[in-house]
Amino acid sequence: MLKTHHCGELRRQHAGEAVTLAGWVNRIRAQGGVIFLDLRDRSGVVQITADVARAPQAHADAEKVGREYVIQVVGVVRARPEGMTNPNMPTGEVEIEATGIKILNPAKTPPFELGGDSRVDEAIRLHYRYLDLRRPRMQQNILLRGKVTKFIRDYLYDRGFVEIETPILFKTTPEGARDYLVPSRVHPGKFYALPQSPQQLKQLLMVAGYERYFQIARCFRDEDQRGDRQPEFTQLDMEMSFVEREDVMNLIEGLMTELVEKVSDRELVTKPFPRLSYQEAMARYGSDKPDVRYGLEIKDISDIAGKSAFKVFVENVEAGNPVRAICVPGCGGYTRKQLDDLTELAKSAGGKGLAWMALEAGEQGQVKSPIGKFFSVDQLVAIVDRMEAKPGDLILISADKASVVAAVLDAARREFASRLGLVDPKKIGFCWIIDFPLFDWNADEKRWDPSHHLFTSPMPDDIPLLDSEPGKVRGQQYDLACNGYEVAGGSIRIHDRSLQEKIFGLIGLDVEDAKERFGHMLEAFEYGTPPHGGIAPGIDRLTMLLAGEPNIREVIAFPKSQQAADLMAGAPSAVEPIQLDELHILVNSNDSHSTE
RNA sequence: GGACCCGUGGUGUAGCGGUUAACACGUCGGCCUGUCAAGCCGAAGAUCGCGGGUUCGAACCCCGUCGGGUCCGCCA
């Protein structure tokens with residue numbers, strides 16, 4: 001080893017020890033006769049001194065080093081003299097009196113500051129990701145991520161789970177997200193697909209009798225990016241046999257609780273985690289992944305609004321649509337301009353607008369609203385009562401299809417939580433969402449789509465409804481939401497061939513298609529399949545929340561840009577014609593302008 | 001596929017129709033034996049992402065394009 005100790009571990013009790021350290025020059029303070037170097041390795045930073053009087057060679061060496069040089073320092077740990085300690089650093093009571101400094105590798109001046117956490121354009125950070133990863137923020141995040149996966153592995157191994165790897169080259173499943181495809185050299189014109197998740201494989205492992213499986217699994221989805229979505233991401237993929245919904249939920253709730261309490265510096269808002277039905281979540285929060293750290297809950301005022309003289313509300317209620325509202329405390333004094341701007345918020349969420357009623361501050365609490373004239377005094381009082389609004393508050397009202405109302409008020413809730421500072425960034429608020437509808441109606445294709453995935457088992461009580469009212473069938477599905485993000489989704493699966501075939505039929509897969517795509521699953525179900533279920537928490541999102549970061553790129557060592565590009569290596573890239581020939585691929589030259 | 005925001009020395013920002021393109025940090029040189037976001041003195045470093053247009057005149061206005069981000073669609 002080129003070092004005997006780590007920089008960050010040295011303390012007063014090491015005083016007098018001869019040490020050899022190696023690392024990066026974090027900062028240089030040349031004082032003339034004495035030069036101070038802050039030497040950094042993964043463990044932390046320690047001060048090196050090179051004194052011209054006591055160690056002329058070391059001083060001469062130190063004059064030659066620059067920022068981010070990789071050096072080896074031979075010296076002695078010394079307790080710092082009285083009054084010269086630095087309480088701001090863990091190693092601040094000691095320093096290394098260097099006797100020799102060797103440059104292992106010089107460094108160019110970095111393109112941005114590595115010492116602090118100053119904001120740098122993300123394109124530059126990603127281009128020099130290996131430098132960005134040296135910075136404290138990224139280092140903490142990446143180390144935290146390692147602790148998260150270590151904790152998960154220990155937790156699950158302790159409970160009888162087996163870690164099993166599954167293939168990355170697998171088979172396309174067009175019904176989910178868009179697949180990343182890998183051309184086959186051996187089979188002209190045929191393709192592997194990278195797994196969107198190891199869903200089928202883990203179910204087959206249950207058929208195979210492994211009973212408790214997990215994997216920290218890389219998943220691939222060729223869809224457009226978001227702050228919480230990358231083309232490749234990591235799930236804790238797991239599956240258990242002979243379990244019911246409660247068993248999986250309890251295991252994960254225990255895991256998540258301990259993860260937050262033992263691995264992070266965050267604080268759980270509630271435990272046990274609240275459970276909301278999908279219907280309730282949509283009604284109260286307008287979202288199936290609500291942020292439960294703050295209120296601003298949605299209330300239904302359809303009964304009152306339907307009797308008003310306001311045409312938009314009346315027509316919606318007559319059409320069976322809801323009129324719902326949130327009450328924003330203390331925003332009743334918003335200017336007309338500010339209130340009009342809320343229309344933009346509603347539009348970007350897919351709505352037409354957002355009606356408002358402002359309660360003037362003061363005892364009377366007069367209602368000020370462009371639509372106020374369409375309501376009787378009793379109706380206004382009823383709305384104010386329903387919303388539990390106080391003088392100075394602002395009521396925001398949306399009337400539309402239920403899904404649009406939900407989207408608009410969800411957006412409004414998030415916006416005002418942020419404006420009013422209602423979110424405590426140190427808090428972690430989990431909640432379970434259960435009783436999802438098994439299907440969503442696809443109006444374009446005129447068929448039912450699975451709301452989760454096509455292996456989710458219906459609630460036993462609802463199986464008779466499969467024939468009569470598929471839209472009312474609930475799935476044995478459970479999602480875990482946290483701080484407004486979906487961090488896990490799972491279900492009890494179908495383990496019966498005939499039921500699985502029936503679901504295929506409902507989503508418009510004919511027998512031939514089903515056999516072609518999922519024949520291996522149907523066949524497997526005929527060889528003794530245990531009842532089973534599982535879940536898949538997203539490691540990136542979870543780590544993002546535990547780190548308090550605003551997007552998952554901050555917890556991924558080498559993430560891709562929004563255009564799914566690796567800005568450091570320059571992927572994707574053009575390939576040699578011979579490579580394409582071998583793969584039997586002809587590229588449409590009209591599309592190739594952007595490949596360079 | 002669509003909407004919006006951003007792009008000015010190495011980095012972060014200011015400038016928003018006429019400026020020698022400003023400031024901080026960094027870099028380089030000098031001074032300095034107890035600094036720790038060291039300090040002091042001095043210097044170098046930018047055709048304002050790229051292309052076109054409007055204008056007597058463009059970093060600034062317009063169009064296009066490239067790159068980064070946020071959101072909708074898409075996606076658990």
Side-chain angles (χ1 to χ4, degrees), chain A residues 26-38 45-54 59 66-68 78 80-89 91-92 95 97 108-128 131 175-179 196-197 199 219-231 233 235 288-289 344-345 347-351 404 407 411 414-415 433 436 440 444 449-453 456 477-481 485-491 535-538 541 550-551 553 560-563 565 567 593-594 596:
Chain A
N26 205 45
R27 202 166 253 124
I28 302 165
R29 291 177 296 279
Q31 199 74 33
V34 59
I35 297 173
F36 300 97
L37 302 177
D38 287 343
V45 175
V46 69
Q47 175 167 285
I48 312 292
T49 66
D51 189 315
V52 72
R54 299 164 70 113
H59 186 268
R67 228 173 238 239
E68 297 304 317
R78 195 172 69 154
R80 293 201 197 182
E82 194 72 25
M84 292 166 197
T85 59
N86 183 347
N88 296 322
M89 51 197 290
T91 61
E95 62 191 3
E97 195 172 61
K108 289 169 71 175
T109 301
F112 51 87
E113 298 235 23
L114 305 185
D117 275 327
S118 54
R119 268 181 292 285
V120 178
D121 184 85
E122 199 165 346
I124 295 170
R125 292 177 58 201
L126 291 176
H127 184 267
Y128 299 98
L131 297 180
E175 34 284 310
R178 193 176 297 113
D179 281 322
Q196 296 176 25
S197 83
Q199 181 62 38
C219 305
F220 305 86
R221 291 177 190 159
D222 187 4
E223 297 292 349
D224 288 340
Q225 309 307 297
R226 289 288 188 281
D228 63 346
R229 278 163 35 187
Q230 282 272 308
F233 61 100
Q235 285 185 344
D288 61 358
K289 44 182 194 298
E344 290 309 309
L345 179 75
K347 281 185 178 162
S348 75
V404 175
R414 289 168 184 262
E415 173 64 24
I433 312 297
F436 281 79
D440 294 324
D444 295 335
D449 282 345
S451 71
H452 182 51
H453 59 63
T456 300
Q477 180 192 345
Y478 29 85
D479 274 11
L480 186 63
Y485 292 89
E486 183 204 322
V487 293
S491 63
I535 191 166
R541 289 181 188 170
N551 66 64
R553 295 185 300 278
K560 296 194 174 39
S561 74
Q562 193 158 65
Q563 306 301 318
L567 300 182
H593 52 81
S594 61
E596 226 357 274

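Proteins come first, then strands; the chains are lettered A, B, ... in the order of their sequence lines, and each starts at number 1. Note that the coordinates shown come from a computational prediction; the quantities given were computed from them, not determined experimentally.
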Query raised in the report: Got a donor-acceptor contact below 3.5 angstrom from the A:R221 side chain to the A:Q196 backbone?
Result: yes
Query raised in the report: If we take the C1' atom in both B:C28 and B:U65, what is their distance in whole Å?
Result: 38 Å
Query raised in the report: Looking only at atom C1', what distance separates B:C16 and B:A22, rounded to whole Å?
Result: 14 Å
Report task. Select base, sugar-phosphate, or nothing to describe what A:T456 touches, counting heavy atoms under 4.0 Å on all strands. Result -> nothing
Query raised in the report: Would one find a side-chain N or O of A:Q196 under 4.0 angstrom from OP1 or OP2 of B:A76?
Result: yes
Query raised in the report: Could you state the CG-P distance from A:L126 to B:C6, rounded to the nearest angstrom?
Result: 21 Å
Query raised in the report: Checking all strands, does A:S451 fall into the base, sugar-phosphate, or nothing category for heavy-atom contacts under 4.0 angstrom?
Result: base
Write down the protein N/O and nucleotide N/O pairs, taken from nucleotides 12-15 of chain B, whose separation is under 3.5 Å; answer none if there are no such pairs.
| residue | atom | partner | partner atom | Å |
| --- | --- | --- | --- | --- |
| B:G12 | OP1 | A:D121 | N | 2.6 |

Requested in this report: Starting from the C-alpha separation in whole Å, work towards a yes-or-no answer on side-chain contact (heavy atoms from CB on, under 4.5 Å) for A:Q562 and A:R229.
Outcome: CA-CA 9 Å; A:Q562 193 158 65; A:R229 278 163 35 187; over 6 Å; no
**Report entry** Check: A:Q225 side chain, A:S561 main-chain N or O, donor-acceptor pair, under 3.5 Å
**Finding:** no
Query raised in the report: Is there a stack between A:F36 and B:U35, judged by ring centres under 5.5 Å and planes under 30°?
Result: yes
Query raised in the report: B:A43 and B:C23: how far apart are their P atoms, nearest whole angstrom?
Result: 12 Å
**Report entry** ring pair (Phe, Tyr, Trp, His ring centres under 6.0 Å) against A:F436, all qualifying residues, sequence neighbours excluded
**Finding:** A:Y278
Requested in this report: May I ask you to verify whether the side chain of A:R414 and the base of B:C71 hold a donor-acceptor pair under 3.5 Å?
Outcome: no
Query raised in the report: When you check the phosphate oxygens OP1 and OP2 of B:U70, does a side-chain N or O of A:Q562 lie under 4.0 Å from one of them?
Result: yes
Query raised in the report: Which is true for A:S561 with a 4.0 Å heavy-atom rule: it touches a base, it touches only sugar-phosphate, or it touches nothing?
Result: sugar-phosphate
Query raised in the report: For atom C1', what is the distance between B:G73 and B:G1, given to the nearest Å?
Result: 8 Å
Report task. Tell me the partner of B:G39, counting only Watson-Crick (N1-N3 plus N6-O4 or O6-N4) or G-U wobble (N1-O2 and O6-N3) with both under 3.5 Å; none if nothing fits. Result -> B:C31
**Report entry** Which nucleotide in B:G68, B:G10, B:U35 has an atom nearest any side-chain atom of A:P111
**Finding:** B:G10
Query raised in the report: Can you find a donor-acceptor pair, distance only, under 3.5 Å between A:D224 side chain and B:G73 base?
Result: yes
Report task. Identify whether any heavy atom of A:G227 sits under 4.0 Å from a base atom; if not, whether one sits that close to sugar-phosphate; answer base, sugar-phosphate or nothing. Result -> sugar-phosphate
Query - Test item: A:N86 and A:R80 side chains (from C-beta on) under 4.5 Å apart, heavy atoms - result: yes
Query raised in the report: Looking only at heavy atoms, which two atoms of A:D228 and A:R541 are closest? And how far apart?
Result: O-NE, 3.1 Å
Query raised in the report: Would you find a donor on one side and an acceptor on the other, under 3.5 Å apart, between the side chain of A:R67 and the backbone of A:T109?
Result: no
Report task. Among the candidates B:G34, B:A76, B:G68, find the nucleotide nearest to the side-chain atoms of A:H452. Result -> B:A76
Query raised in the report: A:E175 CD to B:C75 C1': how many Å, rounded?
Result: 15 Å
Report task. Write down the partner of B:G10 under the Watson-Crick or G-U wobble criteria, each distance required to be under 3.5 Å. Result -> B:C25
Atom pairs under 3.5 Å: protein N/O with N/O of nucleotides 21-27 of chain B:
| residue | atom | partner | partner atom | Å |
| --- | --- | --- | --- | --- |
| B:C25 | O2' | A:E113 | OE2 | 2.3 |
| B:U27 | OP1 | A:R67 | NE | 3.2 |

Query raised in the report: To the nearest angstrom, how far is A:I28 atom CD1 from B:A38 atom P?
Result: 10 Å
Requested in this report: Would you classify A:N88 as touching base, sugar-phosphate or nothing, given that sugar-phosphate means primed atoms plus P, OP1 and OP2, and contacts are heavy atoms under 4.0 Å?
Outcome: nothing
Query raised in the report: Between A:D449 (CG) and B:C74 (C1'), how many Å, whole number?
Result: 13 Å
Report task. Give one of base, sugar-phosphate or nothing for A:G176, where a contact means two heavy atoms less than 4.0 Å apart. Result -> sugar-phosphate
Query - Integer-rounded Å distance: B:A38 P and A:R27 CZ - result: 4 Å
Requested in this report: Quote, to the nearest angstrom, the C1' distance that separates B:C61 from B:U54.
Outcome: 8 Å
Requested in this report: Using a heavy-atom cut-off of under 4.0 Å over every strand shown, decide if A:H453 touches base, sugar-phosphate, or nothing.
Outcome: nothing
Query - Of the listed nucleotides B:U33, B:A76, B:C36, the one nearest the side chain of A:M89 - result: B:C36
Query - Distance-only donor-acceptor test, A:R229 side-chain atoms vs B:C75 base atoms, 3.5 Å - result: yes
Report task. Mind checking A:E95 for me? I need base, sugar-phosphate or nothing, with any heavy atom below 4.0 Å counting as a touch. Result -> base
**Report entry** Of the listed nucleotides B:G34, B:A76, B:G68, the one nearest the side chain of A:T49
**Finding:** B:G34
Requested in this report: Taking atom C1' in both B:A44 and B:G10, compute the distance separating them and give it to the nearest angstrom.
Outcome: 13 Å
Query raised in the report: When all nucleic acid strands are considered with a 4.0 Å heavy-atom cut-off, which category describes A:A349: base, sugar-phosphate, or nothing?
Result: nothing
Query - C1' atoms of B:A58 and B:G51, separation to the nearest Å - result: 15 Å
Query - B:U8 versus B:U47 - spacing of their P atoms, nearest Å - result: 12 Å
Query raised in the report: In whole angstrom, what separates A:Y478's OH from B:A76's P?
Result: 17 Å
Query raised in the report: Has the side chain of A:Q225 got a donor or acceptor that lies under 3.5 Å from a partner of the other kind on the base of B:G69?
Result: no
Query raised in the report: If you look at every strand shown and take non-hydrogen atoms under 4.0 Å, does A:Q477 touch a base, only sugar-phosphate, or nothing?
Result: base
Query raised in the report: Any donor and acceptor pair, going by atom type alone, linking the side chain of A:Y478 with main-chain N or O of A:S491 inside 3.5 Å?
Result: yes
Report task. For B:A38, take OP1 and OP2 only and decide whether either is under 4.0 Å from a side-chain N or O of A:R29. Result -> yes
Query - Of the listed nucleotides B:C71, B:U70, B:U35, the one nearest the side chain of A:R553 - result: B:U70
Report task. For A:A488, report the nucleic acid contact type (base, sugar-phosphate, nothing); a contact means any heavy atom under 4.0 Å. Result -> nothing
Query raised in the report: Can you check the A:Q230 CD to B:A76 C1' distance for me, whole Å?
Result: 16 Å
Report task. Taking only the side-chain nitrogens and oxygens of A:R226, find out if one of them lies under 4.0 Å from OP1 or OP2 of B:C74. Result -> no
Requested in this report: May I ask you to decide if A:Q47's main-chain N or O and A:T91's side chain share a donor-acceptor pair within less than 3.5 Å?
Outcome: no
Requested in this report: Among B:U35, B:C74, B:C32, find the nucleotide with the atom closest to the side chain of A:Q47.
Outcome: B:U35
Query raised in the report: Who does B:C75 pair with, Watson-Crick or G-U, both distances under 3.5 Å?
Result: none
Query raised in the report: Can you check the A:D288 CG to B:C75 C1' distance for me, whole Å?
Result: 13 Å
